[in-house]
Amino acid sequence: MRTAVTLCRVPEASAGPFVFHDDLETGFRRAAEAGFDAVELFLPGPDEVTVDEIKALQDRHSLGIAAVGTGAGMVVHGLSLTDPDPARRESALAFIGSMIDFGGALGAPAILGSMQGRHGGGMSREQALDALASSLRSAGERAGRLGLPFIYEPLNRYETNLFNEAATAAEFLREGGIGNVVLLADLFHMAIEERDIADAIRETGSLLGHVHWADSNRRAMGFGHTDPEPIAKALAETGFAGYLSAEVLPLPSPDEAARQTVDSVADWFRAPPTPAQRP
Ligand code: LER
Ligand code: MN
């Protein structure tokens, strides 16, 4: 299973669930030293750093880019796809589009998390879901032109009232004919919302595109009370081939959260021994 670790360069998100908050050179070095395959980037926008600079960092540290977040549109600019103001919704979609293009130049899909917003305050649930569906369609098409999917992330009830569970989000995509959009299973949100995380992963099936590999308390897997065994089994059964990405709090320290993540993935996804390795 491929691993990734979050690297955040957004000052407004300095208390967020990201392992590294260093400058890019230091963050890439620490990610590589901890043994990750890739980094997941949380940047203020598409102009923070050039694509060539990121590619140089990737070459230097032999790391992939698992995905790029779009949450800065919300935490820095207060934008959401379900804002009652159509002009704000348009700006939100334009910001996401710019991150799809930035990630696309790196072969990395963009993620819609907090920028999905919520219904209320002038937007009925139906209106908000219509706005979400139309934006997801447009984001899916834009990503598709770059040969990538677009990633939609259900969040827990304290962060959105649109979709809190994987199966209802999957149904929304399937029934709405929303193409080229995959789902993100953030195991922290799922520990709050799902009746059974492993069953939810099975129901998501081939729509599952990315995993935030986090424990129940949003610390690295193994530092909370989620049981990874049935989840690992469900991921293997669905043939998941994406990244397990550590979007977790840097506790007790960034390096310990990183090490625990790498160890937990090795523990739960260890390849079966080859005949030569068998005792
Ligand atoms: C984003 O990946 C996420 O999980 C949200 O909780 C961020 O607010
Ligand atoms: Mn997440």
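When a ligand or atom number is given, it counts from 1 through the structure's own listing order.
- In the vicinity of Glu153, heavy-atom distances shorter than 4.0 Å reach the ligand 1 atoms 1 (C), 2 (O), 3 (C), 4 (O).
- Taking 2.8 Å as the limit, the number of protein N, O or S atoms around the Mn ion (ligand 2) is 4.
- Residue contacts with ligand 1, taken as heavy atom pairs separated by less than 4.0 Å, involve Leu155 solely via side-chain atoms from C-beta onward.
- Applying the ring pair (Phe, Tyr, Trp, His ring centres under 6.0 Å) rule to Phe240 yields no partners; only residues at least two apart in sequence or on another chain are considered.
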Solution key, residues 70-78 side-chain donor-acceptor pairs under 3.5 Å, sequence neighbours excluded:
residue : atom : partner : partner atom : Å
Thr70   : OG1  : Ile111  : O            : 2.7

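- Counting the atoms of ligand 1 from 1 in the order shown, those under 4.0 Å from a heavy atom of His212 are 2 (O).
- Using a non-hydrogen distance threshold of 4.0 Å, His189 registers as a contact of ligand 1.
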* Check against side-chain contact (heavy atoms from CB on, under 4.5 Å), Ile197 and Leu187 -> CA-CA 8 Å; Ile197 297 178; Leu187 303 181; 3.9 Å; yes

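- Contact annotation: for Glu40 versus ligand 1, there are no heavy atoms closer than 4.0 Å.
- At a threshold of 4.5 Å between side-chain heavy atoms, the hydrophobic network of Ile, Leu, Val, Met, Phe, Trp and Tyr places Ile151 and Ile100 in two separate groups.
- The environment of CD in Glu25 is crowded: more than 12 heavy-atom neighbours from other residues, nucleotides or ligands sit within 6.0 Å.
- With sequence neighbours excluded, no residue satisfies ring pair (Phe, Tyr, Trp, His ring centres under 6.0 Å) with Phe102.
- By the 6.0 Å contact criterion, CZ on Arg174 is enclosed, its count of non-hydrogen atoms from other residues, nucleotides or ligands being greater than 12.
- Close approach of ligand 1 to Asp186 (heavy-atom distance below 4.0 Å) involves ligand atoms 4 (O).
- Between Tyr152 and Phe163, the ring planes are perpendicular. Angles over 60° get that label, and only those under 30° would be called parallel.
- The residue from Arg218, Glu159, Gln116, His210 that puts a heavy atom closest to atom 8 (O) of ligand 1 is Glu159.
- A side-chain N or O of Ser245 and one of Glu40 form a donor-acceptor pair less than 3.5 Å apart.
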